Number of protein chains: 2
Amino acid sequence: MTTISVLLVDDHTVVRSGLKALLGTQADIAVVGEAASGEEALEAAQRHQPAVVLMDLAMGAGMDGIEAIKQLRQRTPQQAIIVFTTYDSDADIVRAVDAGAMGYLLKDAAPEEIFAAVRGAVQGKSVMSAPVASRLFQQLRHPDEILTPREAELLSLLTQGLSNRDLGKRLFISEATVKTHLAHIYAKLGVETRAAAIATAIRREGMR
Amino acid sequence: MTTISVLLVDDHTVVRSGLKALLGTQADIAVVGEAASGEEALEAAQRHQPAVVLMDLAMGAGMDGIEAIKQLRQRTPQQAIIVFTTYDSDADIVRAVDAGAMGYLLKDAAPEEIFAAVRGAVQGKSVMSAPVASRLFQQLRHPDEILTPREAELLSLLTQGLSNRDLGKRLFISEATVKTHLAHIYAKLGVETRAAAIATAIRREGMR
DNA sequence: GGCCGTATCAGCCAAAAGGTGGAGAGACCA
DNA sequence: TGGTCTCTCCACCTTTTGGCTGATACGGCC
């Protein structure tokens with residue numbers, strides 16, 4: 001039996017020590033490092049060379065989880081990344097999978113679920129919490145309602161109340177492009193105004 | 001030195017074991033029980049008679065944290081309650097304090113902060129995370145940021161994505177009046193656009 | 001009675017957002 | 001190779017929203 005080395009990435013000390021305590025009960029799993037930000041995660045992944053990275057998506061200031069996943073996939077592609085976060089937002093799931101995440105767990109997952117995900121990840125299996133799987137399934141049934149990664153990214157910023165101009169600056173695209181994306185988002189969400197899109201996104205998609 | 005008994009209430013297994021691990025490092029603090037819901041919390045508080053209850057506000061289905069606090073204050077008033085949650089929403093803070101919480105910690109709090117809060121609570125001291133204190137302070141300094149009933153009503157409809165015209169129809173007032181109310185709401189919320197107002201309202205005021 | 005807060009309405013102007021239609025580049029795939 | 005998807009950009013036009021100023025009316029309150 002080989003020991004599976006795991007790196008924990010979460011800005012909450014409490015969550016890190018909880019995961020450490022839980023994973024510590026398993027003989028075949030060992031936490032080899034911790035990081036509290038995306039930047040730290042890249043450094044720690046390089047240094048500890050874990051088999052699995054358990055990562056939160058929301059991490060206060062600095063690099064966000066999605067960006068960290070992308071960079072990790074580039075630098076240390078042999079490491080399996082499992083997202084471990086609080087919300088099952090459609091957009092986050094799409095973006096995380098797109099960025100290269102192997103699994104997607106919610107923080108209220110049972111310990112057994114977490115163990116299974118870690119063990120599965122090293123074998124190339126995707127493990128996700130039931131609510132996440134259900135959302136993905138629903139998306140498959142309505143393929144024309146799936147937001148593209150770029151649209152999801154834009155929607156996420158939209159829910160923070162940014163104007164078209166600000167969205168453009170933030171994403172390094174023109175205002176015209178922002179409007180195009182927005183029109184597509186509205187069509188997919190089935191709304192007509194940005195106000196309704198924000199309301200729908202925050203409530204239905206669990207964005208915050 | 002007396003040992004401080006603590007009850008943990010959180011629906012996330014990971015968070016409970018993290019707190020347990022952290023608090024376990026302190027000789028004068030002992031976790032005497034855990035609960036994953038408001039209902040369980042009431043039962044556990046009765047049975048274990050802890051000196052301090054560390055409680056999350058958001059707890060999936062069933063009784064929410066605020067309701068649990070109220071009930072605990074009634075049944076076991078000698079126990080100090082510390083809120084331990086992810087968000088520093090104005091509405092949540094006010095409601096928690098109103099319900100009888102002694103302290104308010106965010107989940108990204110440093111371990112020392114958590115220890116200090118637990119020790120302070122048994123001595124009747126209120127300990128809160130810096131961002132929380134800052135918000136409370138702001139509220140005290142800007143009492144004119146409280147929405148009038150009519151404004152709150154309008155804001156609530158606004159978060160459903162309605163246009164000014166629709167808001168007017170729904171509230172039986174002219175569009176001009178809607179705009180007046182909106183201007184006041186924006187000023188009070190400290191935003192400039194309806195998009196930002198919706199985002200702020202749903203997130204900060206806990207509207208949904 | 002006068003002051004203040006709240007709720008109602010108007011008009012004007014500038015800015016932002018939304019609708020329509022079109023188009024090119026690159027990736028991917030059958 | 002041709003089709004499809006995604007992302008990017010443009011122009012033109014209409015509608016909506018926001019900023020500003022000002023007004024009336026009702027109910028407490030000192």
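All values derive from a computational prediction rather than experimental measurement. Chain letters run A, B, ... following the sequence lines, proteins first and then strands; every chain starts at 1.
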If I compare all heavy atoms of [X] with all of [Y], which pair ends up nearest, and what's the gap?
X: B/Gln79; Y: B/Pro50; value: CG-O, 3.0 Å
X: B/Thr86; Y: B/Leu106; value: O-CD2, 4.1 Å
X: B/Ile114; Y: B/Leu105; value: CA-CD1, 3.9 Å

Distance test, side-chain N/O of B/Arg150 to OP1/OP2 of C/dG5, below 4.0 Å: no
Heavy-atom check, side chain of B/Leu54 versus side chain of B/Leu23, under 4.5 Å: yes
Can you run down the salt bridge (charged side-chain N to carboxylate O under 4.0 Å, His left out) pairs that involve residues 110-124 of chain A, sequence neighbours left out, and say none if there aren't any? A/Asp28-A/Arg119
Could you work out how much the helix from C/dG1-D/dC30 to C/dA30-D/dT1 bends, comparing the axis of its first five pairs with that of its last five, to 10°? 40°
Within the supplied structure, the quantity of interest is the number of heavy atoms (other residues, nucleotides, ligands) at a distance under 6.0 Å from [X] [atom1]; does it exceed 12?
X: A/Arg47; atom1: CZ; answer: yes
X: B/Gln123; atom1: CD; answer: yes
X: B/Glu43; atom1: CD; answer: yes

What is the 5' to 3' range of DNA chain D, first to last nucleotide, that sits under 4.0 Å from any heavy atom of chain B? D/dT16 to D/dG19
Taking only residues two or more places apart in sequence, or in another chain, which ones meet B/Arg165 in a side chain to side chain donor-acceptor pair (under 3.5 Å)? none
Calculate the interatomic distance between B/Glu151 atom CD and C/dT6 atom P; express it in whole Å. 7 Å
Using atom CD1 of B/Ile185 as one end and atom P of C/dA7 as the other, report the distance to the nearest whole Å. 10 Å
Once each nucleotide of nucleotides 12-30 of chain C is scored for protein heavy atoms under 4.0 Å, what B/S/- sequence comes out, 5' to 3'? ----SSBB-----------
Mind checking if A/Ser174 touches a base, just sugar-phosphate, or nothing, with heavy atoms under 4.0 Å? sugar-phosphate
Using atom types as modelled, flag every donor-acceptor pair under 3.5 Å from a side chain in residues 175-184 of chain A to any protein atom, sequence neighbours excluded.
residue, atom, partner, partner atom, Å
A/Thr177, OG1, A/Ser174, OG, 3.2
A/Thr180, OG1, A/Ala176, O, 3.1

